[in-house]
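Throughout, a chain's letter reflects where its sequence line sits, starting with A, and its residues are numbered from 1.
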2 protein chains.
Amino acid sequence: MPETKDRPYHHGDLRRALIDTALAMLAADQNWAFTLREVARRTGVSHAAPYKHFRDRESLLRELARIGFIRLGQAMTAAMSAGGACVREKFIAGAQACIGFALCNPGLYRLMFSADADKTADRPLHDAAMETFGILLRLLQEGQIRGSFRPIAINALAAASWAQVHGLAMLAISGQLAEEKVGREPVRAALDVLLDGLCC
Amino acid sequence: MPETKDRPYHHGDLRRALIDTALAMLAADQNWAFTLREVARRTGVSHAAPYKHFRDRESLLRELARIGFIRLGQAMTAAMSAGGACVREKFIAGAQACIGFALCNPGLYRLMFSADADKTADRPLHDAAMETFGILLRLLQEGQIRGSFRPIAINALAAASWAQVHGLAMLAISGQLAEEKVGREPVRAALDVLLDGLCC
DNA sequence: CAATATAAGTTTCTCCTGTAAACATGGAGG
DNA sequence: CCTCCATGTTTACAGGAGAAACTTATATTG
């Protein structure tokens, strides 16, 4: 039982442990101002150990963002599966899952779309983001085939949809959406407005 | 003629000079990773001088963001004035001005909406942001009064509109909007989709 | 108009960070 | 059993944030 041992020289899975610590700090502070040394400290290793697993600080941040995109994708997929047969219902479910994810993980969500998680410099991150984006794209295509969504260029549909969902998520995070009550009503209403424009 | 003097001990308007330098660096690098010391260096003063004008580094960043909101507001107001009499046209003009501003000043735009420009910690910044947001709100109200926009809760209208415009701007900045061509077409189409849902 | 208070700069100092290099360790394969 | 290598550790260094103490020009006041 290696978990009862106090401190074996070799951690076992330091990479994972560092990621977990960093995710925890991100969730606690809702920002990624933490220092690499602090992450190492809290993980119980020397301040140089992380460099055996991440080229530099940004590299760790990009890995956090990648995990964020994977989790977001899972949340959206799950919500859409449970969201009824109608594409419109599925869309609403997926969008609310995205906004809910952002509200539950504001720091992580911000990091995912920040310049510090540069997708042009990290293929795995880029792929994860595209994969999650693809979930939306496939739903739009399905809706068009079924005749639920207007047959305009898929790019325009995607731009409008993604902008709306991501925009709402960012506004929700900033608290700019909840002047009086943080309820789902304005979000739902905004999505309905979009869908009224989207649908045939 | 004080401007011909080489280096008077008192700069004259160091605060403004620091802001200009920082804005230039922000525009050059499209990020705000620059250090306060570097700003001081390029402005030709000692590294401690900025602290006479800004409590800390973040304080300077917030001031940059405030200026960004003012400039964005001016750009949107100007575009809307020149955008025809129809509210729908005005909306399109204002939205495109916002997206154009973001594309011309990606770094500044990102900073304005980043957690580093914390609006809850800076009244002037908060006010500037609200003032610019108010431009959109007033247009929506005008549109409702004229009967151009659907008479749903103004909050829902605002959420949908602001999310769409801001979302498109962020996507445009990230280059995620221009898979093949960076043309205005997808943006215009996305705005039309929104307006189809917004209008009566 | 001199004396001086004050705003605006500068120097110096401390603590901390990111990151490189050299060194240590212990588990896996010959 | 012995040696290699991935994974840790120690040590070292260049820079940055910000505080404190010191300096200088400008504005005020008797």
Side-chain angles (χ1 to χ4, degrees), chain A residues 1-22 24-26 28-29 31-65 111 114-118 121-122, chain B residues 1-22 24-26 28-29 31-65 111 114-118 121-122:
Chain A
M1 38 181 75
E3 65 255 55
T4 51
K5 289 205 148 189
D6 227 13
R7 299 274 152 111
Y9 188 90
H10 287 290
H11 184 286
D13 199 353
L14 180 55
R15 182 187 167 85
R16 179 62 59 103
L18 290 168
I19 290 172
D20 288 346
T21 304
M25 295 178 73
L26 183 55
D29 310 341
N31 71 57
W32 53 99
F34 56 74
T35 132
L36 240 200
R37 280 165 116 103
E38 180 70 17
V39 174
R41 222 171 284 140
R42 298 211 189 186
T43 311
V45 294
S46 79
H47 62 83
Y51 287 91
K52 300 290 170 177
H53 299 276
F54 301 97
R55 193 189 315 283
D56 53 21
R57 202 185 95 101
E58 276 211 0
S59 183
L60 169 59
L61 293 181
R62 287 195 298 264
E63 176 63 11
L64 300 184
L111 172 60
S114 87
D116 287 333
D118 184 1
D122 193 311
Chain B
M1 36 181 74
E3 65 255 55
T4 51
K5 289 203 147 192
D6 226 14
R7 300 271 153 109
Y9 189 90
H10 287 291
H11 184 286
D13 198 355
L14 181 56
R15 183 188 166 84
R16 178 62 58 102
L18 290 168
I19 290 171
D20 288 344
T21 303
M25 295 178 73
L26 183 55
D29 310 343
N31 72 58
W32 54 99
F34 55 75
T35 127
L36 239 201
R37 282 165 113 101
E38 180 70 15
V39 173
R41 221 172 285 138
R42 298 210 189 186
T43 311
V45 295
S46 79
H47 63 81
Y51 288 93
K52 298 290 169 174
H53 300 275
F54 301 96
R55 193 188 314 283
D56 52 21
R57 200 185 96 98
E58 276 211 1
S59 184
L60 170 59
L61 293 180
R62 286 196 298 265
E63 175 63 9
L64 300 184
L111 172 60
S114 85
D116 287 332
D118 185 2
D122 192 311

Within the side chain of B/Arg57, is there an N or O that forms a donor-acceptor pair under 3.5 Å with the backbone of B/Phe34? yes
Which residues, if any, of residues 39-53 of chain A bring a heavy atom under 4.0 Å of DNA chain D? A/Val45, A/Ser46, A/His47, A/Ala48, A/Ala49, A/Lys52, A/His53
Applying salt bridge (Lys or Arg N to Asp or Glu O under 4.0 Å), can you list everything that pairs with A/Asp122, at least two apart in sequence or on another chain? A/Arg62
Applying salt bridge (Lys or Arg N to Asp or Glu O under 4.0 Å), name anything that partners B/Arg15, two or more places apart in sequence or on another chain. B/Glu63
Can you measure [X] atom [atom1] to [N] atom [atom2] for me and round it to whole angstrom units?
{"X": "B/Phe54", "N": "C/dA8", "atom1": "CZ", "atom2": "P", "result": "12 Å"}
{"X": "A/Met25", "N": "C/dT17", "atom1": "CE", "atom2": "P", "result": "10 Å"}
{"X": "A/Leu60", "N": "C/dG18", "atom1": "CG", "atom2": "P", "result": "11 Å"}
{"X": "B/Leu36", "N": "D/dG15", "atom1": "CG", "atom2": "C1'", "result": "14 Å"}
{"X": "B/Asp13", "N": "C/dG9", "atom1": "CG", "atom2": "P", "result": "9 Å"}
{"X": "A/Glu58", "N": "C/dT19", "atom1": "CD", "atom2": "C1'", "result": "14 Å"}
{"X": "A/Arg15", "N": "D/dG8", "atom1": "CZ", "atom2": "P", "result": "12 Å"}

How close do B/Thr21 and B/Val39 get, counting heavy atoms only, and between which atoms? CG2-O, 3.9 Å
From the options D/dG18, D/dG8, D/dG16, select the nucleotide whose nearest atom is closest to the side chain of A/Leu14. D/dG8
For [X], side-chain contact (heavy atoms from CB on, under 4.5 Å) partners two or more places apart:
{"X": "A/Ala49", "result": "A/Leu14, A/Val45, A/Ser46"}
{"X": "A/Arg16", "result": "A/Asp13, A/Asp20"}
{"X": "B/Asp29", "result": "B/Asn31"}

Under 4.0 angstrom, heavy atoms only, what part of the nucleic acid is A/Arg37 near: base, sugar-phosphate, or nothing? base
Is the distance from OP1 or OP2 of C/dG18 to the nearest side-chain N or O of A/Thr35 less than 4.0 Å? yes
Closest-nucleotide ordering on DNA chain C, the 5'-leading residue of A/Arg57 and B/Gly12: B/Gly12
